[in-house]
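Just so we're clear, the structure is a prediction, and the values are computed from it rather than from any experiment. First the proteins, then the strands, lettered A, B, ... as listed; each starts at 1. Just so it is clear, the values below take in all heavy atoms, side chains as well, and ignore hydrogens, waters and symmetry mates.
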2 protein chains.
Amino acid sequence: MPLNEEQLQQKRDERREQILSAALKVFARRGLIGTKMSMISEEAGISQGLMYRYFTSKDELFITLVERAIQGSIEGTKQIHQMPGSPLEKLTRLTEIILDEDGQLYFLLMHQVRTSDDVPEKAKALLEYASMDVYVDMLKPVFEEGQKNGELAEGDISELISCYFTVISGLMTLNIPKTQGFQLPRVELLMRMFTRL
Amino acid sequence: MPLNEEQLQQKRDERREQILSAALKVFARRGLIGTKMSMISEEAGISQGLMYRYFTSKDELFITLVERAIQGSIEGTKQIHQMPGSPLEKLTRLTEIILDEDGQLYFLLMHQVRTSDDVPEKAKALLEYASMDVYVDMLKPVFEEGQKNGELAEGDISELISCYFTVISGLMTLNIPKTQGFQLPRVELLMRMFTRL
DNA sequence: GTCTATAGCCAGATAGAC
DNA sequence: GTCTATCTGGCTATAGAC
């Protein structure tokens, strides 16, 4: 019983996802240069040659993942507006999600792009869509409300949000789960930076 | 006029330092694998071949720098006991120094060792000397005094110090000076995590 | 002591068998 | 569609000229 065209396409998409998922795991930890195609194919359980039927090069594979990482981080941050509770509760919840979530792999990937010179030009260009300003603008309404109701610290809003994202980014970048000795600070401790004294 | 043995040795040491300094700059940003010997030799302004007269391999060069990084970070942290002022003032001052200083390159190097698998076994082993416990123990007296005089937040001291170093490490790792958009948070903002409300 | 040229190895990408 | 075998280029480390 032969498969129809749609089924074939679906199988092809699944395999593509399988490769992307394996590649994300390896790229995030090891970076573009530190990753050999053989590592990805092994992680995906297929041969090296086969990957080139789905992606024309290591760079293309990498760039595809960077696109997803940026989109995912923006979508994730937007979630805060659907959350219940006061501004401080929202911020606390968002922080817990970010630090917990396995979106960490995408976070590390974006860090690779930011700090490495050996990354394709296109990946660098894509990162413009994830500038600090983008995130600051998304969180601004929440911080404004929090300042108004007295929960959040006074002061320049952009500076506060920028501080928030910088600290969170730093923590994510340390890749703590696997790093001996370091342990993720409790969210309540972190929040003290932004709450009214 | 020929140089005597001591002068020759000194000239040799200078060249060695010149190579080490160049190597630190490149390794810290690009990691062991991302760095080609030609990059280091170019940064140092010498030929590739010459480096092998001073270091037997890329790995040896890397390990030498890791040793220095660990020693430097410990020495630096110890400084806090020589500082003037109250515990909170000492901690603030230490933080400013760490974030400011060009010891950042050493910081990044240690991060490379922690997170990369492609680093020589010996470098990994050396990092044991820079475990979180080592730093916690160094800062313990200062935090104890700060809690006693009411400047610092109450709570488990090890957790507070560990949080402190984790956040600082994260910020250093982001390599902010060169990273567009990110900016180092003001130290006073960071300190709010540890001061009494 | 320093440089240039090269040997040897390793990994990305391709070709061709099944 | 998938795998194995191979081509090709680039980088570490060495050899040899000056």
Side-chain angles (χ1 to χ4, degrees), chain A residues 1-23 26-27 29-65 112 116-123, chain B residues 1-20 22-23 26-27 29-65 116-123:
Chain A
M1 171 157 104
L3 299 169
N4 64 32
E5 200 172 313
E6 191 181 333
Q7 286 170 318
L8 280 173
Q9 185 58 41
Q10 189 187 336
K11 246 187 118 48
R12 201 181 150 75
D13 286 348
E14 276 171 24
R15 174 122 294 182
R16 217 182 123 89
E17 289 304 318
Q18 177 190 3
I19 294 172
L20 281 166
S21 164
V26 188
F27 278 139
R29 268 191 54 67
R30 312 184 56 110
L32 181 62
I33 298 193
T35 298
K36 312 186 192 328
M37 289 300 260
S38 60
M39 294 172 180
I40 299 175
S41 65
E42 194 179 344
E43 177 77 34
I46 59 173
S47 72
Q48 305 169 38
L50 186 54
M51 289 195 298
Y52 289 91
R53 295 276 165 189
Y54 292 85
F55 297 91
T56 62
S57 67
K58 192 162 92 159
D59 276 7
E60 193 211 335
L61 187 45
F62 187 80
I63 288 170
T64 305
L65 286 169
Q112 303 282 2
S116 171
D117 290 339
D118 306 308
V119 134
E121 204 48 52
K122 175 146 187 213
Chain B
M1 171 158 106
L3 300 169
N4 64 31
E5 201 171 314
E6 192 181 332
Q7 286 168 318
L8 280 172
Q9 185 58 40
Q10 190 189 335
K11 246 186 119 47
R12 200 179 152 77
D13 286 348
E14 276 171 22
R15 176 124 288 188
R16 216 181 123 90
E17 290 304 318
Q18 177 190 3
I19 295 173
L20 281 167
V26 189
F27 277 140
R29 267 190 55 68
R30 311 183 58 107
L32 180 62
I33 299 194
T35 299
K36 313 192 188 323
M37 290 299 261
S38 60
M39 295 172 180
I40 299 175
S41 66
E42 194 179 341
E43 176 77 34
I46 59 174
S47 72
Q48 306 168 37
L50 186 54
M51 289 196 297
Y52 290 90
R53 296 273 164 192
Y54 292 85
F55 297 91
T56 61
S57 68
K58 191 163 91 159
D59 277 8
E60 193 210 334
L61 186 47
F62 187 80
I63 289 169
T64 305
L65 286 169
S116 169
D117 291 338
D118 307 308
V119 133
E121 204 47 54
K122 177 148 185 208

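As judged by a 4.0 angstrom heavy-atom cut-off over every strand, B/Ser41 is placed among residues making no nucleic acid contact. Using a 4.0 Å heavy-atom cutoff across all strands shown, B/Phe55 reaches no nucleic acid atom at all.
Whole-Å rounding puts the A/Asp118 CG to C/dA11 P distance at 16 Å. Distance CG (B/Leu61) to C1' (D/dT12): 13 Å, rounded to an integer number of Å. Here C/dA11 presents its P atom at 13 Å from CD of A/Glu42, a figure rounded to the nearest Å. Distance, B/Ile46 CD1 to D/dA13 C1': 15 Å, rounded to whole Å. The interatomic distance linking A/Leu32 (CG) with C/dG12 (C1') rounds to 12 Å, in whole Å. Between B/Leu50 atom CG and D/dA15 atom P there is a gap of 16 Å when expressed in whole angstrom units. If you measure from atom CE of B/Met37 to atom P of C/dA7, you get 21 Å, rounded to the nearest angstrom. Atom pair A/Lys36:NZ and C/dA11:P shows a separation of 5 Å (rounding to whole Å applied).
Between B/Arg53 and B/Lys58, the residue anchored nearer the 5' end of DNA chain D, judged by the nucleotide with its closest heavy atom, is B/Lys58. Summary of the strand contacts: B/Gln48 and B/Arg12 both lie near DNA chain C, and taking for each the nucleotide with the nearest heavy atom, the more 5' one is attributed to B/Arg12.
Side chain of A/Ser47, nearest nucleotide from D/dT4, C/dT4, D/dA13: D/dT4. For A/Tyr52, counting side-chain heavy atoms from C-beta on, the closest listed nucleotide (C/dG12, D/dA13, D/dT2) is C/dG12.
Under the side chain to side chain contact (heavy atoms under 4.5 Å, CB included) rule, A/Arg30 has a single partner from A/Lys36, A/Gln112, A/Met39, which is A/Met39.
Within 6.0 Å of atom CD in B/Glu42, 12 or fewer heavy atoms from other residues, nucleotides or ligands are found, so the atom counts as exposed in its surroundings.
With respect to B/Asp59 and B/Lys122, no salt bridge is recorded, no charged nitrogen being found less than 4.0 Å from a carboxylate O.
Residues A/Arg15 and A/Gln18 bring a donor and an acceptor atom of their side chains to less than 3.5 Å of each other.
Nearest approach of B/Phe62 to B/Ala123, heavy atoms of both residues: CE2-CB, 4.3 Å.
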